[in-house]
Structure formats: structure tokens, C-alpha cells
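Structure first, commentary second.
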Amino acid sequence: MPARTRARKRALDILFESEQQGLALGATLSRRMATADQPLNEYTITLVEGVNVHQERIDELLSTYAEGWTLDRMPAVDRNVLRMGAFEILYRDDVPDPVAVSEAVNLVRDLSTDESPTFVNGLLARLITIKPTLSV
């Protein structure tokens, strides 16, 4: 498994854990960094910190363009994968948009519902389409 794919999975674990326990992302990340058997991959940290910094805007965009779905209604895995994918699409120039979408779809294919890959693909593709018009 490529290093960035593993980093995304680890970041998803941290985002999911933080949300499920009602903890601040920074606290969950710090605890994971302190208790990890191996140091966290730099990209894992980048993803978690990036989602943390931009979560309000990312959630606003996801809520706006997820037709018929609220963030609260989405499965928690999908919601957090979408946050990571949106962060990569909107704020990371070193990640090609199709790669961000593909990685997100693969995560939900393995970890979420049968409908999740189509939903995640469609919503992230919509963000790519409107990206030139957004001020992020």
C-alpha cells in the first residue's frame, strides 16, 4: 500500500475517533502522536491539521452541494472521507484532483456502505467542477 494511501487511512482513523468521542481534532492528534508505536506519517498530520483548520468552510461546501443530504445524516466515515477529499482538492496543489477523488472512493468502498462510493465520487466531482469559482 502506498505511503499516502496509508496516511489517508490513518488520518481517517483520527478524524473518526475524534468525532465519535466528541474531542477536538488537535487533542486527538496530539494523543495519537504521543502513543503511536511508530511516528505518524507527515501526510497524516497534514491531513488532520488541514481538515481542522478548514473544517468550517469544507463543511459549508459539503452541506451546500450534497443534494438531499445534511452532514449529520451522512455516515460518519463518508463525512470524514469527504472532508479529507475536499481538503486535498481545495487546499493541496500537490495532489491531483482525480487522485484525491480516487483515494476517497477507495476508502469508502472498503469502510462504508455500498452506496458510499457513488455518493463520495459525485460530491467531490462537483467540488472540482465549481472549484474555479470558489474563494477558499
Side-chain angles (χ1 to χ4, degrees):
M1 182 184 298
R4 281 211 169 173
T5 298
R6 283 192 312 274
R8 287 179 182 94
K9 171 65 173 85
R10 191 77 180 257
L12 175 60
D13 292 344
I14 294 168
L15 293 170
F16 184 84
E17 175 185 341
S18 180
E19 185 175 294
Q20 294 302 304
Q21 294 182 359
L23 301 172
L25 273 177
T28 304
L29 179 60
S30 294
R31 187 178 69 220
R32 281 287 186 101
M33 289 170 70
T35 61
D37 293 338
Q38 302 173 28
L40 289 179
N41 179 297
E42 183 84 21
Y43 198 63
T44 297
I45 296 166
T46 297
L47 287 171
V48 174
E49 289 176 343
V51 168
N52 189 35
V53 168
H54 299 286
Q55 185 172 343
E56 186 176 326
R57 179 65 172 142
I58 289 169
D59 284 358
E60 175 188 325
L61 291 168
L62 294 175
S63 294
T64 299
Y65 294 101
E67 297 175 14
W69 286 85
T70 62
L71 280 174
D72 292 338
R73 193 168 155 233
M74 293 176 196
V77 169
D78 296 7
R79 181 174 45 249
N80 286 296
V81 167
L82 283 163
R83 286 173 175 150
M84 286 191 319
F87 169 72
E88 287 185 308
I89 289 166
L90 299 171
Y91 300 100
R92 296 293 301 190
D93 293 334
D94 63 327
V95 178
D97 293 343
V99 170
V101 174
S102 177
E103 290 284 335
V105 167
N106 287 336
L107 276 171
V108 296
R109 181 176 292 122
D110 293 341
L111 301 170
S112 197
T113 70
D114 290 341
E115 294 79 25
S116 294
T118 302
F119 176 70
V120 167
N121 183 64
L123 184 47
L124 292 178
R126 178 72 176 131
L127 290 181
I128 291 168
T129 301
I130 63 164
K131 180 178 168 178
T133 67
L134 296 175
S135 60
V136 289

**Request:** Using side-chain hydrogen bond (donor to acceptor under 3.5 Å, both in side chains) as the criterion, list what pairs up with Arg126, not counting sequence neighbours.
**Result:**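 Arg126: no side-chain hydrogen bond (donor to acceptor under 3.5 Å, both in side chains) contacts found.
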
**Aromatic ring pairing Phe119/Trp69, orientation class (parallel under 30°, perpendicular over 60°, tilted between)** =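 Correct class here is tilted.
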
Do you know which two heavy atoms are closest between [X] and [Y], and how far apart they sit?
X      : Y      : result
Ala86  : Leu124 : N-CD2, 3.7 Å
Gly85  : Ala100 : O-CB, 4.3 Å
Ser112 : Val77  : CB-CG1, 4.1 Å
Thr44  : Ala11  : CG2-N, 3.7 Å
Arg10  : Ala36  : NH2-CB, 3.7 Å
Ala7   : Tyr43  : CB-CB, 3.9 Å

When rounded to the nearest 0.5 angstrom, what distance separates [atom1] in [X] from [atom2] in [Y]?
X      : Y     : atom1 : atom2 : answer
Thr46  : Phe87 : OG1   : CZ    : 7.0 Å
Leu29  : Ile14 : CG    : CD1   : 5.0 Å
Ile58  : His54 : CD1   : NE2   : 7.0 Å
Leu62  : Leu82 : CG    : CG    : 5.5 Å
Leu123 : Met74 : CG    : CE    : 6.0 Å
Lys131 : Asp97 : NZ    : CG    : 3.5 Å

What donor-acceptor contacts under 3.5 angstrom involve side-chain atoms of residues 16-24, with partners at least two apart or in another chain?
{"from": "Glu17", "atom 1": "OE1", "to": "Arg32", "atom 2": "NE", "distance (Å)": "2.9"}
{"from": "Glu17", "atom 1": "OE1", "to": "Arg32", "atom 2": "NH2", "distance (Å)": "2.6"}
{"from": "Glu17", "atom 1": "OE2", "to": "Arg31", "atom 2": "NH2", "distance (Å)": "2.1"}
{"from": "Ser18", "atom 1": "OG", "to": "Leu23", "atom 2": "O", "distance (Å)": "2.6"}
{"from": "Ser18", "atom 1": "OG", "to": "Thr28", "atom 2": "OG1", "distance (Å)": "3.4"}
{"from": "Glu19", "atom 1": "OE1", "to": "Arg79", "atom 2": "NE", "distance (Å)": "3.2"}
{"from": "Glu19", "atom 1": "OE1", "to": "Asn80", "atom 2": "ND2", "distance (Å)": "3.3"}
{"from": "Glu19", "atom 1": "OE1", "to": "Arg83", "atom 2": "NH1", "distance (Å)": "2.9"}
{"from": "Glu19", "atom 1": "OE2", "to": "Arg79", "atom 2": "NE", "distance (Å)": "3.0"}
{"from": "Glu19", "atom 1": "OE2", "to": "Arg79", "atom 2": "NH2", "distance (Å)": "2.4"}
{"from": "Gln21", "atom 1": "OE1", "to": "Arg31", "atom 2": "NH2", "distance (Å)": "3.4"}

**side chain to side chain contact (heavy atoms under 4.5 Å, CB included) against Pro96, all qualifying residues, sequence neighbours excluded** =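 Counting only residues at least two positions away or on another chain, Pro96 forms a side chain to side chain contact (heavy atoms under 4.5 Å, CB included) with Pro98, Val99.
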
Is any side-chain heavy atom of [X] closer than 4.5 Å to a side-chain heavy atom of [Y]?
X      : Y     : answer
Asn106 : Arg8  : no
Ile45  : Met33 : yes
Leu61  : Arg57 : yes
Val81  : Leu15 : no
Val48  : Leu40 : no

**Request:** Determine whether Leu90 and Val53 fall in the same hydrophobic cluster, where Ile, Leu, Val, Met, Phe, Trp and Tyr are linked whenever their side-chain heavy atoms lie under 4.5 Å apart.
**Result:**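 As far as the 4.5 Å side-chain criterion goes, Val53 and Leu90 are not connected within one cluster.
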
**More than 12 heavy atoms of other groups within 6.0 Å of Asp114 CG** =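 Open: at most 12 neighbouring heavy atoms sit under 6.0 Å from CG of Asp114.
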
**Prompt:** What's the verdict on salt bridge (Lys or Arg N to Asp or Glu O under 4.0 Å) for Lys9 and Asp110, showing C-alpha distance, side-chain angles and the deciding distance?
**Reply:** CA-CA 11 Å; Lys9 171 65 173 85; Asp110 293 341; over 6 Å; no

**Item:** Among Thr5, Asp78, Leu12, side chain to side chain contact (heavy atoms under 4.5 Å, CB included) partner for Leu107
**Value:**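 Among Thr5, Asp78, Leu12, the one meeting side chain to side chain contact (heavy atoms under 4.5 Å, CB included) with Leu107 is Leu12.
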
